[in-house]
Every structure is written in structure tokens, then in C-alpha cells.
Q: 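Got a structure for you, written out below as C-alpha cells; questions coming shortly.
By convention in this document, chain letters (A, B, ...) are assigned in the order of the sequence lines, proteins followed by strands, and residues within each chain are numbered from 1. The shown structure was predicted, so the numbers you read here are calculated from the model rather than taken from an experiment.
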Amino acid sequence: MLDQKLLRQDPEAVRDALARRGYVFDVEAFGTLEAQRRELQSQTEALQHARNSHSKAIGQAKKAGESVQPLLDEMAQVGQQLKEAEEKLAATQQSLTALLEQLPNLPHESVPMGATEADNVEVRRWSTPPEFDFKPRDHVDLGDINGGLDFASGAKLSGARFVVMRQGIARLHRALAQFMLDIHTQKHGYHEVYVPYLVKPEALYGTGQLPKFADDLFKIENHDHPLHLIPTAEVPLTNLAAGEILEADQLPLGYVSHSPCFRSEAGSYGRDTRGMIRQHQFDKVELVQLTRPDDSYAALERMTGHAEFVLQQLELPYRVVTLCGGDMGFAAAKTYDIEVWLPGQDAYREISSCSNTEGFQARRMQARWRNPETGKPEPLHTLNGSALAVGRCLVAVLENGQQADGRIAIPQALQPYMDGREWL
RNA sequence: GGAGAGGUGGCUGAGUGGUUGAAAGCGCCGCACUCGAAAUGCGGUAGGUCUUAACGGGCCUCGGGGGUUCGAAUCCCUCCCUCUCCGCCA
């Protein structure tokens, strides 16, 4: 949710900022609704005031033993008017909210202009893609050779975009998650959290997935109380702060969680249909930070560095790109994607996405901190980043570590998590 | 799943229809006393929103939603959650 004060004071600035991410904001429609809301609200409140003071007077008159009938007669009218005014106001507020909750976050000034992936800007590269004296296979072929990546069984059990992993590869998958968790808790100071994988609609509203992106989620009809499978642990982790007022000395607060993620990927038919790049279910180690507003951009750099550190330890070449306005997610003000080198695709592919949402999610979920300078609760800033997507990381380890004979070299840092094995 | 008890401010906890957004205590902040601290005394201390240059003022909020009433923390309906006992279970 955007800051409503800003929206009222300077809607043109909001329109211009949103235009940078390709969103068209109808200033006039907003202005009309907002004026209507203002008018109805003051009308309603005046009537409520009349009701309150009359009721109070009736109480006092009764106590004093005076007649209350004249006051009751006056109230008969006010009651009807108030009911009508309240209904009109509620309807207007509903339309206004419906409009506001569709608006994506404003891009930070450092976010490059552009509409698509092609306009993202590379920030840096680490290491160089490995040279092979044979034609590198992709992970699907490598998984076949090792017998551990079983897409047929995944399809048999659950349909397309599900996988069964076995033996060494299942073990490697588990090792990667453990390895990442240990790094972030021990080296980067994150607080480890185990979260529910089913959450209420309110939580998804807080982080911005609902109401706009319901089609991308799996929904469980649970009597009258629907639950959704989390598309990322960002949802439960960030919502831990929902409705809370944190003290300044508690910030920054960093959470890490390993969880499965469930995405119906409604809009992605035909993309990445081969292999496990795009699955309905995948594991991820997620970082979330809650920070003071003046610290959030420094925190974004730190967090991106934390994700990069995992790839460095695994000796996987990558690059970091700044997403352009048009490629950013709904809630993000600025996003760095980390793209790992995949020899099987001869390309860099996204393995992490680190975003600062500033106060966008915090306002939706009322996550606040007490600003010592004002003494008031103010929205804090929330950040989230994958560190990393475990499934895609597995793909990267397989493809980058492959040998001509189909064996896979296990990165040294990971070997302690694999019983000391050097090869898969 | 069965039976019962509850959900009130940062916390504990009073409040069963009328100046109660809410007693009291704890905590926190300020002031006084003190060389300083403790103890003590006095005062202050929920959130949201609208309005105002500011002071201030209006409205909303006592788990969520709905209802009764001139008026609801208080009565009714409904949902959610917590606790205790029993059953079941990893």
C-alpha cells in the first residue's frame, strides 16, 4: 500500500513514479473518489457527533429526572440520516481501497527505466563460467545418469511441474538447505524460524500477493476459512511483524527460514517446461529483514551480499542485476536479482531475488517501529531475499560440477554436509 | 471429537447499558528530594483517522463480523483464538 498522505498531497508525483514501471495511474479517478470520501466522512462524523452528544444528554437528563422525549424525537431523524451516510461512506471507502490496493510500489530513484528483463542492468559478475572440453549436459540429462532426478514419478504422483528426487541427489538437495541455513544463522546473524506452510488470506494481503495475484497461489478450502500454501517463506516471516510496534533497539531484525514454496504459476504455461527450473513446489531458504527506514537501502546491499556469499562458497559463477521498473515485483521499490551460470542453458538464470519494499508491506500489515525522534509508531521497512532457491541451486551444482563421464564434483564447502564425499 | 472457562491499554487486571478510551497495580518517561543512586513524592504515558500553522478539536477502536438500543467493553447472534479436563494422536 502506498503512503496515502503522499497520494493525496501529490498524486501527480505518484503517477509519474508509477509510470516508470509501466503502471498507468488515473489521477482524476482517484481525485474524484477521494473528494467524495472526504465529503462523506465529515458528513458522517458530524452526524455521529450529534448522536453521541444527544445520547450523553439523554443520560444526564434521566439522571436529573427531566423529560427526555424532546431529545428522543430529535434523535429519530439523526439516526436515519446517520445510517444512510454510513452506508454511502462505506461504499466509497470500499471503491477507494479497491483502487489503492491495486497500486504497485513506487520504484526507488536508482531503479533503471525499462519494460522488460532486457532492460535490467548488470551490476557485477563473480568468477567466470567453467570451460568444458565436451558439450555440457543439462541437469535433466545429468539427473538421468545419476538416477536421482525422477520427473516421471513426479508427474505420476502430482502432474506436470513436480519432481521426485532420490538418493544422492535428494541428499545433495538436503545438504544445500542445511548449508545455507548454517551460513545465515552462524555467519550472518539471522534468527532461524520454522513457519507454517498454510497461511490466512490476511497474511498474503500483508505482503502483497492478495488480492491481485490470487491465481498464482494454491488455495485450500477449509470449511469457511480458506488457507493458501505459501508461495515463499517471505509471507509468514514478514507477517510476524504484522500489527506489532517494535522498539528502535530491536532493529534491524533478520529472519531466516527454510521452507517449501508452492506456486501455481498461472501465467507461465510453456516457459521452462523442461527440468526443475520452474516447479509448482520447490524449497527455498529465505531471508527477511525489518529495518529502520533510514537503514533499508544499506540493508538491501548487505542482504544481497549474504545471498552472494552462498554462491561464492559453492564456487558457482554468477552476476547481479538491478531489475528495471517494468520487471520488478508488485511490492518492491528496488530489486537485485542474482543469476547463476547454468552451463546446460549456456545462460545466467535467476537464483535469488533481493528486494526492499520500503514501507509498502509494512503499511499493509501495520508493522511499525517507535521512532525515538518523534516518539510515534511509524511504518518500518521490510526486505526479503532468497538465499537461495534450493532447487535451482541444485541444478547449478549439477551442471557446473559435471564431468565428461557424468560424475558431479561436490563443491568443497559442501562436502562436510555430504559425508565428506567429493563426487556424486 | 466431548465438557467447561476466558479473550479489555506495553504487562497484570477491574469494569454487566449512560460524561468509561477504560479503575488499580507494574513497567516506562519527566520533575522534586540526593554529591550520586535507591527509596519516596508529584505529574505524564494506547492505536488509527480527519481537521488545524500550532494549541486544540471531531470520529473510530475493549478478539473479528453482524444485531438490539437514543446510547454497548457491558445484552443477543455468529466466527476466530487461548486455557483446563476427558478422548484420540505424531
Side-chain angles (χ1 to χ4, degrees), chain A residues 1-9 11 30-31 33-97 99-101 194-206 210-211 220-228 236 239-251 253 359 361-380:
Chain A
M1 195 72 84
L2 298 181
D3 180 1
Q4 297 211 32
K5 279 206 175 95
L6 176 68
L7 215 46
R8 287 184 198 127
Q9 283 165 4
F30 168 74
L33 264 178
E34 172 57 20
Q36 205 178 341
R37 189 225 94 224
R38 190 183 292 250
E39 170 64 23
L40 285 168
Q41 184 166 335
S42 58
Q43 224 177 71
T44 305
E45 288 182 2
L47 286 165
Q48 284 170 328
H49 180 55
R51 178 200 58 195
N52 291 346
S53 50
H54 275 72
S55 295
K56 206 170 267 187
I58 289 171
Q60 287 170 330
K62 273 196 171 173
K63 203 177 265 179
E66 296 161 9
S67 161
V68 297
Q69 197 53 46
L71 285 164
L72 286 176
D73 293 342
E74 279 179 58
M75 281 306 291
Q77 271 196 21
V78 173
Q80 188 52 36
Q81 286 174 353
L82 178 58
K83 201 180 166 201
E84 283 167 21
E86 278 177 337
E87 277 165 10
K88 272 195 249 174
L89 176 62
T92 302
Q93 264 167 343
Q94 218 166 23
S95 334
L96 196 56
T97 304
L99 188 140
L100 293 179
E101 65 192 11
Y194 171 86
V195 295
Y197 303 152
L198 288 164
V199 295
K200 297 179 185 180
E202 294 95 291
L204 290 153
Y205 180 86
L210 289 180
I220 310 286
E221 288 300 342
N222 178 40
H223 308 292
D224 279 340
H225 301 280
L227 292 170
H228 291 84
N239 276 284
L240 286 174
E244 304 287 333
I245 301 174
L246 301 176
E247 297 303 326
D249 61 11
Q250 294 177 269
L251 304 177
L253 194 52
Q361 294 177 324
R363 280 187 292 271
R364 288 171 87 95
M365 66 176 71
Q366 293 213 63
R368 292 160 295 172
W369 72 302
R370 198 172 295 279
N371 183 346
E373 282 173 30
T374 61
K376 297 245 178 216
E378 296 172 12
L380 45 76

Q: What does Arg37(A) touch in the nucleic acid at a heavy-atom separation under 4.0 angstrom: a base, only the sugar-phosphate, or nothing?
A: sugar-phosphate
Q: From the options rC80(B), rG48(B), rU51(B), select the nucleotide whose nearest atom is closest to the side chain of Lys200(A).
A: rC80(B)
Q: Whom does rU19(B) pair with, Watson-Crick or G-U wobble, provided both distances fall under 3.5 Å?
A: none
Q: On a whole-Å scale, what distance lies between the C1' atoms belonging to rG7(B) and rA32(B)?
A: 41 Å
Q: Relative to the 5' end of RNA chain B, which residue comes earlier, Pro377(A) or Gly59(A), by the nucleotide with the nearest heavy atom?
A: Gly59(A)
Q: Between rG18(B), rU51(B), rU19(B), spot the one nearest the side chain of Gln60(A), thanks.
A: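 Selected nucleotide: rU19(B).
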Q: Would you mind reading off the distance between Lys83(A) atom NZ and rU68(B) atom P, rounded to a whole angstrom?
A: 7 Å
Q: Is the phosphate of rC60(B), meaning OP1 or OP2, less than 4.0 Å from a side-chain N or O of Arg51(A)?
A: yes
Q: For rG87(B), give the paired nucleotide (Watson-Crick: N1-N3 plus N6-O4 or O6-N4; G-U: N1-O2 and O6-N3; both under 3.5 Å), or none.
A: none
Q: Ile245(A) has an atom CD1; how far is it from atom C1' of rU61(B), in whole Å?
A: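 From Ile245(A) CD1 to rU61(B) C1': 14 Å.
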Q: Determine the Euclidean distance between corresponding P atoms of rG66(B) and rC83(B); express it in Å to zero decimal places.
A: 28 Å
Q: Calculate the interatomic distance between Glu247(A) atom CD and rC11(B) atom C1'; express it in whole Å.
A: 14 Å
Q: Does rG48(B) have its OP1 or OP2 closer than 4.0 Å to a side-chain nitrogen or oxygen of Arg368(A)?
A: yes
Q: Paired with rA54(B): which nucleotide, if any, by Watson-Crick or G-U wobble criteria at under 3.5 Å for both distances?
A: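 With both distances under 3.5 Å required, rA54(B) matches none.
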Q: Report the base-pairing partner of rU82(B) (Watson-Crick or G-U wobble, both distances below 3.5 angstrom), or none.
A: rA5(B)
Q: If you check the Asn52(A) side chain, which of rG47(B), rC59(B), rC70(B) turns out closest?
A: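 Out of rG47(B), rC59(B), rC70(B), the nucleotide with an atom closest to Asn52(A)'s side chain is rC59(B).
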Q: Quick test of your reading of the model: are Glu86(A) and Lys83(A) salt-bridged, counting only N-O distances below 4.0 Å?
A: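 No, Glu86(A) and Lys83(A) are not salt-bridged.
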Q: Let me know, please, whether Leu72(A) or Thr44(A) comes out on the 5' side of the other along RNA chain B by nearest nucleotide.
A: Thr44(A)
Q: Tell me the interatomic distance from Leu82(A), atom CG, to rG58(B), atom C1', rounded to whole angstroms.
A: 14 Å
Q: Give me the distance, rounded to whole Å, that separates rG58(B) from rU68(B) when you measure between the P atoms they each carry.
A: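 One P to the other, the span is 28 Å.
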Q: Consider the side chain of Arg38(A), meaning its heavy atoms from C-beta on, and name the nucleotide among rC59(B), rU51(B), rC70(B) that approaches it most closely.
A: rU51(B)
Q: Pick the P atom in rU74(B) and in rG64(B), then give their distance to the nearest Å.
A: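 Per the computed distance, 11 Å lies between those P atoms.
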Q: State whether Arg8(A) and Glu34(A) are salt-bridged, where the test is any N-O pair (Lys NZ or Arg NE/NH1/NH2 against Asp/Glu carboxylate O) under 4.0 Å.
A: yes
Q: Starting at atom CD of Glu378(A), determine the distance to atom C1' of rG47(B), rounded to an integer number of angstrom.
A: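 Rounded to the whole Å, the gap is 14 Å.
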Q: Among the candidates rC59(B), rU49(B), rG18(B), find the nucleotide nearest to the side-chain atoms of Gln41(A).
A: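 Taking heavy atoms from C-beta onward, the closest nucleotide is rU49(B).
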Q: Taking the C1' atom of each, how far is rC42(B) from rG56(B), in whole Å?
A: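 rC42(B) and rG56(B) have their C1' atoms separated by 26 Å.
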Q: Return the pairing partner of rC31(B) with a 3.5 Å limit on both distances, Watson-Crick or G-U wobble; otherwise return none.
A: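 Here rC31(B) is engaged in a pair, and the nucleotide opposite it is rG41(B).
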Q: If we call it a pair only when both distances are under 3.5 Å in a Watson-Crick or G-U wobble match, what pairs with rA46(B)?
A: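 Matched rA46(B) with rU61(B) under the 3.5 Å cut-off.
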Q: If we take the P atom in both rA5(B) and rC77(B), what is their distance in whole Å?
A: 14 Å
Q: Using the C1' atom on both, measure rG27(B) against rU12(B) and round to a whole Å.
A: 11 Å
Q: With sugar-phosphate meaning primed atoms plus P, OP1 and OP2, does His54(A) contact a base, only sugar-phosphate, or nothing at under 4.0 Å between heavy atoms?
A: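 Result for His54(A) = nothing.
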Q: Atom CD of Glu244(A) to atom C1' of rG47(B): distance rounded to whole Å?
A: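 Answer to the nearest Å: 13 Å.
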Q: Phosphate oxygens OP1/OP2 of rG47(B): is one of them under 4.0 Å from a side-chain N or O of Arg370(A)?
A: yes
Q: Need the pair for rU68(B). Rule: Watson-Crick or G-U wobble, both distances under 3.5 Å, any strand; none if unpaired.
A: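 Pairing partner: none.
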Q: If only side-chain N and O atoms of His49(A) are considered, is one of them under 4.0 Å from the OP1 or OP2 phosphate oxygen of rG58(B)?
A: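 So the side chain of His49(A) is outside the cut-off, no N or O lying under 4.0 Å from OP1 or OP2 of rG58(B).
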Q: Please give the distance between the C1' atoms of rU16(B) and rA90(B) as a whole number of Å.
A: 44 Å
Q: Among the nucleotides rC60(B), rG71(B), rG47(B), which one has an atom lying closest to any side-chain atom of Ser55(A)?
A: rG71(B)
Q: What is the distance, to the nearest angstrom, from the CD atom on Gln366(A) to the P atom on rC60(B)?
A: 18 Å
Q: For atom CD of Glu247(A), is the number of surrounding heavy atoms from other residues, nucleotides or ligands below 6.0 Å larger than 12?
A: yes
Q: Strictly by Watson-Crick or wobble contacts shorter than 3.5 Å, is anything paired with rA24(B), and which nucleotide is it?
A: rU12(B)
